[in-house]
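Data first, discussion second: the structure below is written as structure tokens.
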Amino acid sequence: MEYNFREIESKWVSFWQANNSYRVSEDSAKEKYYVLDMFPYPSGSGLHVGHPLGYIASDVLARYKKLQGYNVLHPMGYDSFGLPAEQYAIQTGQHPAITTEENIKRYRSQLDQLGFSYDWEREVRTSSPEYYKWTQWIFKQLFDCYYNEKSNKAERISVLIEEFEANGNTNLKASNDCEIEFTSAEWKSFDSKKKEAILHNYRLAYLADSWVNWCPNLGTVLANDEVINGKSERGGHPVVQKKMRQWSMRIKAYAERLLEGLNEIDWTDSLKEQQRNWIGKSVGSSVLFDIEGYENPLEVFTTRPDTIFGVSFMVLAPEHPYVKDITTEKNKEAVSKYQKASVKKSERDRQSDVKTITGENTGAFAIHPLSGDKIQIWIADYVLATYGTGAVMAVPCGDQRDYDFARHFDIPIKNIFQDVDISEAAHTDKTGILKDSFFLNGCSVAEGIKKSIETLESKGFGKGKTNYRLRDAVFSRQRYWGEPFPIYYKDELPCVVEDQYLPIELPKIDSYLPTPDGEPPLARAEKSSWNYFSGDRMEFNTMPGWAGSSWYFLRYMDPKNKNEFVSKSKSEYWKQVDLYIGGAEHATGHLLYARFWTKFLFDQGYITFDEPFQKLINQGMILGKSSFVYRIADSNTFVTKGKVNGKEIQSIHVDISLVENNKLNIEAFKEWRKEYANATFILEDNGDYICGDEVEKMSKSKFNVQTPDDLIQKYGADTLRLYEMFLGPIEQSKPWDTKGISGVHNFLRKCWRLYCSPEGVSILREGQDVPKAALKTLHKTIKKVTDDLDRYSLNTCVSTFMIAVNEFTEQKCNNLEVLDKFLILLAPYAPHFCEELWMKIGNKEGSLFESNFPIFNQEYLTEDSFDYPISFNGKMRFKANLSLSLDRAEVQREVERMEMTKRWLDGKTPKKVIVVPGKIVNIVF
RNA sequence: GCGGAUGUGGUGAAAUUGGUAGACACGCUAGACUUAGGAUCUAGUGCCGUGAGGUGUGUGGGUUCGACUCCCUCCAUCCGCACCA
């Protein structure tokens, strides 16, 4: 074999390892470039072909930037805390650390096979104590900070305490859930327990009794982004609402900055839009309604305060705290029945039941703050307790949901829009002129909103307000395999562990299940099993999966630092990630949380940038291509695709390893399953059995999973790298189909022949006169590849390489100078292949990657003539080679003189002739 | 329902600021060579038509000398959100 990829690839992998070729360090003489992959969870099944897509892309770009002279940081690590290892531990009793270690080894060997240029000395693992020490440390900083809305950043709790001591909390503007107001004197009179409880309402990491998504099957709570359509993201188990004391992160405080920050970063619109949606900002007003015979006013949030005179009833969430107090005796029974029913409903049920209108009248009345009218108060579960104030003012003429509710329960509908018919539906557009609205009469929507807020504020019945859908993130999990909290309890009061005792390591326990009384697994640990123990007990919860992944990109900069999570000088050198590649499924989880932590660390001055990922590319999902055989119903006879017509058949998934280019390997198929051993076949006329195919998600049950290992075995890593890039644009989802991989492999072989004789000896010559054609091909290729890489168009580069090799082959090019440069162009894609040829053609020492990326020179591409497409009425008819020195008029004259032109004009006179020099001629007649 | 993305040959796709639609591959057809290999080489391959030619980038319209590209309408597929007040 001429091109022995197996030998070559293992040779260069060991060379790179032996020479530490990819070790990087800070170098102020060079400009930095930080390329990052989303690190994987090391699962037991290893890498599938979808993973490397992003890794190959980032590796190509990392190598390209390195050749261009950048100091490239390109690290890799493992998000190694996670459920599967723990589930496995529960089943087998084996410590999850052991399983994790094994899985990581497998991942590492798969990654090594692909020839990535990672600096493995910088590897991080979220589950290693050296790493999670700093996750715990960051948690401590969050615990010790609150969000000051005046300075618009996180500040220390000590600053807050000073403020409390000086002024109480009356003038404070800070994100909190504190329900009481107190003066400086009152603060001082509180005992330490009460003080701590109050401070807790301000901390960015805090304990609170909150409604959480509880997944009984997983035995843990889940964050909102881990719940999809009422089921757990992992495993698809049902999720119910439960009130529990949990650690939370006050991410809501950052809602506005997380929203604004999106304008500064280069992410796709769809991703930014998803985050905007998730944050869910709405601007409006809060309005206070007095309740007849009740001391507290009812606060609602509305985005349409201009429609305040259209209010015809109020609706509270069934869980609203006022309900029990204000419901009249007569309505008590019905209301409490309704409440009970809605608590039982899971969020999923509430969602799927959008069409059914339900609700119950409390019998109480609110007083309209501006008109003084009496307004019925209802409860209904379309109002969510967790959004806004859990209460709405219903304006049926302007809101379809309120309209339907009013119709259903026969509540009067007041029309406050001029010349608008609301007999069939509400007027939901933000248009129209108000009427029957006192001082708002004649106002447009925008004027009405402004004026109504002014009036409400001046009368003390409300004020302008912005609401966010984003909720604080639950931060504890009732699990073993996660970061322990640096927290112990004294009299059930949480206390932080001093820095010197970090990390708090996971203690040994006898079983990874919850305790019989429902405590998390850590409650099983003996006091002596903890490497640090204080107070009455340690925290039994562990941190969620997103804790470690929210800051790992920073640790890569300084992975071995024992004194800081990252040194200031190193984070100042490497700064943000310049290019981040990974899947879109992290839109509202990891990518939001990482932004949040980055902003926090920025606020506290630990880093100098507040967005983690400047440019982000979402690689598309790789779908599987399944193959089918067609069995004639109730028989053991299989009919080829071309002869199915009309027969009654069953499609059966067949393992894709038995199929090549839709052609079934019949012998292998017979051996695949016992029941097929005696199968008979109806074949195509040429004797083949052709399978059907369909694009589906990759899954074991569909026999369409493709691991990179087989392909590397068969074609080599360089072929796989080129092929994955060749498939299409990186961000597009596409079916995985090995059909076509041979084309890419053949390209490498053809390229090899350009450099070497069949014996593997270089056939290149140094030439004094470099052929013009070869130079032209080379520089055309340099230009195209550089441009394409700069716009992340990785697929088109591969075509460009193919064209170049085709042209060089045709030119019989054997010029060392030209082909030497071409190797550098190709090297980011096929590093082993290029290193080998680079050495063979005479570069004896070192690695190709120490050289420089070729620079494009226009000189070699300049032509003196051009093959003009000559079109008539916009249709290209023929081509004419004309000198580029001709001006418009001269070109026109030349073209008009031509025989072909006369023929196409067919005696008619051109009305107009458009000449774009160097581009096109268009004759209009 | 709202928001985002995508629609180009038998297949993956290309066409970067409007300027030769289908590059480059796969597959297929015919042929050459070879020890009948998944090797290599040659020719062909959007569709209709023997041909000249016609036609063609999801649909219908518009702007333009010229539209895959810009504008409007509709359709389909995928993704996200969804009683959010």
Side-chain angles (χ1 to χ4, degrees), chain A residues 1-2 228-229 268-278 280-282 284 300-304 315 350-351 353-355 357 380-384 386-395 398-402 404-405 428 467-469 584-585 587-588 618 620-621 623 625 660-662 693 714-715 723 726-729 731-747 749-750 753 784 787-788 790-791 793 795-796 798-803 806 867-879 910-916 918-925:
Chain A
M1 198 194 289
E2 304 148 30
I228 295 175
N229 291 333
T268 61
D269 288 342
S270 102
L271 197 61
K272 287 186 184 183
E273 214 39 51
Q274 276 184 58
Q275 290 213 343
R276 286 191 190 107
N277 250 323
W278 193 258
K281 179 179 183 175
S282 40
V300 300
F301 173 74
T302 176
T303 55
R304 295 291 301 276
V315 191
R350 284 203 193 184
Q351 272 171 29
D353 218 10
V354 173
K355 298 253 153 56
I357 297 165
D381 61 12
Y382 80 75
V383 177
L384 306 177
T386 45
Y387 184 76
T389 60
V392 300
M393 57 177 227
V395 183
D399 183 294
Q400 192 56 44
R401 201 188 35 211
D402 295 345
D404 295 340
F405 193 88
T428 53
N467 233 320
Y468 299 92
R469 195 184 76 103
E585 65 273 22
T588 51
N618 284 129
M621 213 198 310
L623 303 163
K625 198 189 90 164
E660 176 136 356
N661 291 340
N662 289 348
D693 59 86
K714 209 158 160 187
Y715 298 103
Y723 184 57
F726 186 58
L727 273 179
E731 57 286 77
Q732 207 167 293
S733 281
K734 54 220 146 197
W736 176 257
D737 188 353
T738 50
K739 185 168 96 179
I741 194 164
S742 61
V744 171
H745 188 63
N746 288 344
F747 154 73
R749 297 166 56 103
K750 189 169 182 181
R753 290 199 298 273
K784 174 84 175 144
D787 288 354
D788 285 358
D790 286 342
R791 64 190 175 101
S793 172
N795 54 326
T796 50
V798 183
S799 311
T800 308
F801 296 137
M802 290 175 171
I803 293 168
N806 289 346
D867 240 3
Y868 277 94
I870 314 296
S871 43
F872 293 79
N873 291 334
K875 278 262 163 213
M876 204 279 285
R877 296 305 182 182
F878 65 92
K879 286 186 190 170
K911 278 187 204 144
K912 198 171 178 184
V913 177
I914 286 111
V915 176
V916 184
K919 278 260 163 80
I920 199 167
V921 177
N922 190 15
I923 300 171
V924 187
F925 63 92

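Residue numbers start from 1 in every chain, and the chains themselves are labelled A, B, ... in the order their sequence lines are given, proteins ahead of strands. Excluded from the calculations below are hydrogen atoms, water molecules and symmetry mates; all remaining heavy atoms, backbone and side chain alike, are included.
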Tabulate atom names and distances for all N/O pairs under 3.5 angstrom spanning the protein and nucleotides 17-24 of chain B.
| residue | atom | partner | partner atom | Å |
| --- | --- | --- | --- | --- |
| U20(B) | O2 | Lys879(A) | NZ | 3.0 |
| U20(B) | N3 | Lys879(A) | NZ | 3.1 |
| A23(B) | N1 | Ser799(A) | OG | 3.3 |

Open item on the list: Going by the rule salt bridge (charged side-chain N to carboxylate O under 4.0 Å, His left out), which residues pair with Lys281(A) if we only count those two or more places apart in sequence or in a different chain?
Closed with: Glu256(A)
- [ ] Could you check if the base of G62(B) is syn or anti? Syn means the glycosidic torsion is within 90 degrees of 0.
- [x] anti
Open item on the list: Please enumerate all residues that pass salt bridge (charged side-chain N to carboxylate O under 4.0 Å, His left out) together with Asp867(A), with sequence neighbours excluded.
Closed with: none
- [ ] Would you indicate, yes or no, if G4(B) has its OP1 or OP2 atom less than 4.0 angstrom from a side-chain nitrogen or oxygen of Arg276(A)?
- [x] no
Task: Integer angstrom distance from the C1' of A14(B) to that of G46(B) - done: 15 Å
- [ ] Could you measure between the two P atoms, the one in U8(B) and the one in U69(B), and give it in whole Å?
- [x] 14 Å
Open item on the list: Nearest heavy atom decides the nucleotide; on that basis, is Asn277(A) or Leu271(A) closer to the 5' end of RNA chain B?
Closed with: Leu271(A)
- [ ] Provide, to the nearest angstrom, the distance between the CG atom belonging to Leu623(A) and the P atom belonging to U11(B).
- [x] 17 Å
Open item on the list: Could you check, using the six-membered ring where one of them is a Trp, whether Tyr715(A) and Tyr723(A) have ring centers closer than 6.0 angstrom?
Closed with: no
Open item on the list: The side chain of Asp381(A) is closest to which nucleotide in this list: A85(B), C83(B), U40(B)?
Closed with: C83(B)
TODO: Nearest 0.5 Å please: distance from the CD atom of Gln275(A) over to the CD atom of Glu273(A).
DONE: 10.5 Å
- [ ] Please state the P separation for the pair U16(B) and C70(B) - nearest whole angstrom.
- [x] 11 Å
Open item on the list: Counting only side-chain nitrogens and oxygens, does Lys739(A) get under 4.0 Å of the OP1 or OP2 atom of U11(B)?
Closed with: no
Open item on the list: Using atom P in both nucleotides, what's the gap between U73(B) and G62(B) to the nearest angstrom?
Closed with: 15 Å
- [ ] Name all residues meeting the side chain to side chain contact (heavy atoms under 4.5 Å, CB included) criterion together with Ser282(A); count only those two or more places apart in sequence or in a different chain, and write none if there are none.
- [x] Phe301(A), Thr303(A), Tyr387(A), Asn467(A)
Open item on the list: Applying a 4.0 Å non-hydrogen cut-off, can you work out what Pro729(A) is touching in the nucleic acid: base, sugar-phosphate, or nothing?
Closed with: sugar-phosphate
Open item on the list: Using a 3.5 Å limit for the pairing distances, which stems of at least 3 consecutive Watson-Crick or G-U wobble pairs does RNA chain B take part in?
Closed with: B:1-7 with B:75-81, B:10-12 with B:24-26, B:27-32 with B:40-45, B:46-48 with B:53-55, B:60-62 with B:70-72
Task: Spacing between Tyr468(A) atom OH and A85(B) atom C1', to the nearest angstrom - done: 17 Å
Task: Options A13(B), G38(B), C84(B), nucleotide nearest the side-chain atoms of Lys714(A) - done: G38(B)
Open item on the list: Is there a side-chain contact between Asn746(A) and the phosphate of U40(B), meaning an N or O under 4.0 Å from OP1 or OP2?
Closed with: yes
- [ ] Compare the minimum distances between each of C41(B), C26(B), G4(B) and the side chain of Ser270(A), then state the nucleotide with the smallest one.
- [x] G4(B)
- [ ] Take atom CG of Asp788(A) and atom P of A15(B), then tell me their distance rounded to the nearest Å.
- [x] 7 Å
TODO: Indicate whether OP1 or OP2 belonging to A85(B) is found under 4.0 Å from a side-chain N or O atom of Ser282(A).
DONE: yes
Task: Nearest-angstrom distance from the residue atom CG of Leu727(A) to P of A14(B) - done: 11 Å
Open item on the list: With a cut-off of less than 4.0 Å, is there a side-chain N or O of Arg469(A) near OP1 or OP2 of C2(B)?
Closed with: no
Open item on the list: Taking only the P atom of each, what is the distance from G22(B) to C33(B) in whole angstrom?
Closed with: 34 Å
TODO: Sequence neighbours left out, what passes ring pair (Phe, Tyr, Trp, His ring centres under 6.0 Å) with Phe726(A)? Give chain and number order.
DONE: none
- [ ] Can you tell me, in whole Å, how much space there is between the C1' of U42(B) and that of C75(B)?
- [x] 45 Å
TODO: Look at the side chain of Lys784(A) and the base of U16(B), then say whether one donor and one acceptor between them are separated by less than 3.5 Å.
DONE: yes
Task: Euclidean distance for C1', G27(B) against G12(B) (whole angstrom) - done: 11 Å
TODO: Answer yes or no: side-chain N or O of Tyr723(A) and base N or O of G12(B) forming a donor-acceptor pair under 3.5 Å.
DONE: no
Open item on the list: Below 30° counts as parallel, above 60° as perpendicular, anything between as tilted: where do the rings of Phe801(A) and Phe747(A) land?
Closed with: parallel
Task: Donor-acceptor side-chain pairing of Asp404(A) and Gln400(A) below 3.5 angstrom - done: yes
TODO: Applying side chain to side chain contact (heavy atoms under 4.5 Å, CB included), run through Trp736(A) and Leu727(A) and close with a yes or a no.
DONE: CA-CA 8 Å; Trp736(A) 176 257; Leu727(A) 273 179; 3.6 Å; yes
TODO: Could you verify whether a donor N or O on one side chain and an acceptor N or O on the other, from Asn922(A) and Lys912(A), lie under 3.5 Å apart?
DONE: no
- [ ] Using atom CZ of Phe878(A) as one end and atom C1' of G53(B) as the other, report the distance to the nearest whole Å.
- [x] 17 Å
TODO: Would you mind classifying the nucleic acid contact of Gln732(A) as base, sugar-phosphate or nothing, using non-hydrogen atoms under 4.0 angstrom?
DONE: sugar-phosphate
Task: Contact nearer the 5' end of RNA chain B, comparing Trp278(A) with Gly388(A) - done: Trp278(A)
- [ ] Find the distance Ile741(A):CD1 to G27(B):P and express it as a whole number of Å.
- [x] 12 Å
Open item on the list: Give me the distance, rounded to whole Å, that separates U6(B) from G54(B) when you measure between the P atoms they each carry.
Closed with: 34 Å
Task: Per Asn795(A) side chain, nearest of listed nucleotides C41(B), A14(B), A5(B) - done: A14(B)
Open item on the list: Please check this pair: side chain of Ser871(A) against backbone of Arg877(A), looking for a donor-acceptor N/O pair closer than 3.5 Å.
Closed with: no
TODO: Using atom CG of Asp787(A) as one end and atom P of A15(B) as the other, report the distance to the nearest whole Å.
DONE: 12 Å
Open item on the list: If I take atom NZ in residue Lys750(A) and atom P in nucleotide U40(B), what distance separates them, rounded to the nearest angstrom?
Closed with: 9 Å
Task: Trace of the side chain to side chain contact (heavy atoms under 4.5 Å, CB included) decision for Val392(A) with Val300(A) - done: CA-CA 5 Å; Val392(A) 300; Val300(A) 300; 5.6 Å; no
Open item on the list: Quick check for you: among G10(B), G12(B), A15(B), whose closest atom lies nearest to any side-chain atom of Arg791(A)?
Closed with: A15(B)
TODO: With the side chain of Leu384(A) defined as its heavy atoms from C-beta on, choose the nearest nucleotide among A13(B), G54(B), C84(B).
DONE: C84(B)
